[in-house]
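In what follows, a single structure is set out as structure tokens and then discussed.
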Amino acid sequence: MAKISARQLFFFLACVAPVGKIILMPSALVQAANNDLLFPAAANFLLQAGVIFLVMLLSRSNQTFYQLLANTFGKIAAKIISVALTLFLLYCALLPILEQKLFVQSIFYDTLPSLIAFAPFFIFSAYLCAKQLSSLGRVWDIIAPISIVGFFGIIVLAVGNADFGALMPVGAGGGKGFLSGTAYTMLWFYDSLLVLMLMGRFEYKKGMAWKAAVFYLVGAAAVLFFLAVFYGIFSDIAIRQIFAFAKISRYFSAITVLGRIDYIFIYALGLVMAFYCAMPMQAAAECLSDAFGGGTLRSALYSVGINAVMLTITIALDYSFGSVRDTVGYRLFWLFPAVCVGLPLLALCLRRKKYEQIR
């Protein structure tokens, strides 16, 4: 089985994972923390970087998470935990899929019914989910430069219109704003769980743990700068500016002459977001393959089943995004730190001796 190289993993952490945080998270942060939105985001990024560092240390065994489970608890318990983890990965994917659907409908295809405009995503996702997670390395080699060009293209067009003085005074949101901003945006921070699912798909080399954390923080710094530019442009009305990355560049002076040239960069980031949005479902399919066996036919069945379920849920919740956001992001926000932080920490206690996988 081909494995993900260190370079490809670092591309994911620095260039792909951060992109999923710039659709609806900026306006959610403003709602919770006002102009102190940078601090809750930084806290979540630092927490994820720390957990990713520990997961990378765990990956020195070069075993998958399922193998560690089976080695510690036995095959039956490992299968049960894998099914529960599959369901949580689909739970992680739910809100990003819904926000991606709203984004596609609102920005790209505002005259088409949302389901018709977004349905092709599930065809793309079904193809991706039928592939092993290790195949993502080649994808990241391609989309990482696209992500960099798209992100910096938008920032260059937008930064001249930002008033960074709007971020003052520091601390206006107080402790309550910091805590609520940190808690209610945790639903976008499941990267440590994805890295846990990548275990065994890359070969650990000396120094990869701290390098992975540093590369993730490089991407985090880019997102924090984006948030500063976003608030510097919209200030008091930032709370209403959903799909922020598609809006901050439209005030560039040359756009009145050249047209919406920023759409080049918006489409580039939209492509990267599609891959990132599908990744939890691909990890869920891989989780089932680890537990119950893979192969071309079974992987295809897992993929079709997962995407059919998510498509059905998306149709059922077509007009209920607000309710889903309240439930996932506010009432049940604690599930994300409990699993995405707690599970990797508990995984450090698993037995790491050589395990011969038996189906």
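What's counted below: heavy atoms across the whole structure, side chains too, no hydrogens, waters or symmetry copies.
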Distance in Å, I154 CD1 paired with D262 CG, rounded so as to fall on 0.5 Å steps: 7.0 Å
Under a 4.5 Å side-chain heavy-atom rule over Ile, Leu, Val, Met, Phe, Trp and Tyr, are L332 and L98 clustered together? yes
Do F292 and I81 belong to the same hydrophobic cluster, where Ile, Leu, Val, Met, Phe, Trp and Tyr are linked whenever their side-chain heavy atoms lie under 4.5 Å apart, directly or via other members? yes
State whether the number of non-hydrogen atoms from other residues, nucleotides or ligands found under 6.0 Å of D163 atom CG is greater than 12. yes
Using modelled atom types only, decide if a donor and an acceptor are shared between the side chain of Q48 and the backbone of S192 within a distance under 3.5 Å. yes
What I'd like to find out is whether the side chain of F265 reaches to under 4.5 Å of the side chain of V156, using heavy atoms alone. no
Using a 4.5 Å cut-off on heavy atoms from C-beta on, say whether the side chain of L95 contacts that of V324. yes
Measure the spacing between CG of N34 and CG of L167 and express it to the nearest 0.5 Å. 10.0 Å
The residue among F189, Y330, Y91, W188 that forms ring pair (Phe, Tyr, Trp, His ring centres under 6.0 Å) with F336 is Y91
Do the ring centers of F245 and F103 come within less than 6.0 Å of each other? yes
Full working for side-chain contact (heavy atoms from CB on, under 4.5 Å) between R7 and D141: CA-CA 8 Å; R7 178 196 71 254; D141 273 334; 2.8 Å; yes
Has T72 got a side-chain atom pairing as donor or acceptor with L68's backbone, closer than 3.5 angstrom? yes
Polar side-chain atom of R250 near backbone of I248 as donor-acceptor pair, under 3.5 Å: no
Would you confirm whether S235, through its side chain, and G232, through its main-chain N or O, come within 3.5 Å as a donor-acceptor pair? no
Within one Ile-Leu-Val-Met-Phe-Trp-Tyr cluster: V223 and F39, side-chain cutoff 4.5 Å: no
Quick one: do E286 and Q132 satisfy side-chain contact (heavy atoms from CB on, under 4.5 Å)? Show the steps, please. CA-CA 7 Å; E286 188 85 339; Q132 295 181 336; 4.0 Å; yes
Any donor and acceptor pair, going by atom type alone, linking the side chain of S134 with main-chain N or O of K3 inside 3.5 Å? no
Report yes if some heavy atom in the side chain of D326 is under 4.5 Å from a heavy atom in the side chain of R331; otherwise report no. yes
Are side-chain heavy atoms of V51 and C340 found at a separation under 4.5 Å? no
Could you tell me if the side chain of L102 sits less than 4.5 Å from the side chain of I242, heavy atoms only? no
When W140, Y216, W210, F215 are each screened for ring pair (Phe, Tyr, Trp, His ring centres under 6.0 Å) with F10, the one that passes is F215
Heavy-atom side-chain proximity of L196 to L58 below 4.5 angstrom: yes
Do any N or O atoms from the side chain of S289 and from the backbone of S299 form a donor-acceptor pair under 3.5 angstrom? no
Can a side-chain donor-acceptor contact be found between D191 and Y276 if the only test is distance below 3.5 angstrom? yes
Is it true that atom OH of Y127 has more than 12 heavy atoms of other residues, nucleotides or ligands lying nearer than 6.0 Å? no
S125 (side chain) donor-acceptor with F122 (main chain) under 3.5 angstrom: no
Determine yes or no for a side-chain-to-main-chain donor-acceptor pair under 3.5 angstrom, with N307 supplying the side chain and I123 the backbone. no
Starting at CD1 of I266, measure out to CD1 of I261 and round the result to the nearest 0.5 Å. 10.5 Å
State, yes or no, whether a side-chain contact exists between V16 and F11 at a heavy-atom distance under 4.5 Å. no
So does A172 get a backbone contact from the side chain of D36, meaning a donor-acceptor N/O pair under 3.5 Å? yes
Please tell me if the side chains of F226 and F151 come closer than 4.5 Å, counting only heavy atoms from C-beta onward. yes
Is it the case that the side chain of Q282 and the backbone of L128 share a donor-acceptor pair, with hydrogens and angles ignored and the cut-off at 3.5 Å? yes
More than 12 heavy atoms of other groups within 6.0 Å of Y267 OH: yes
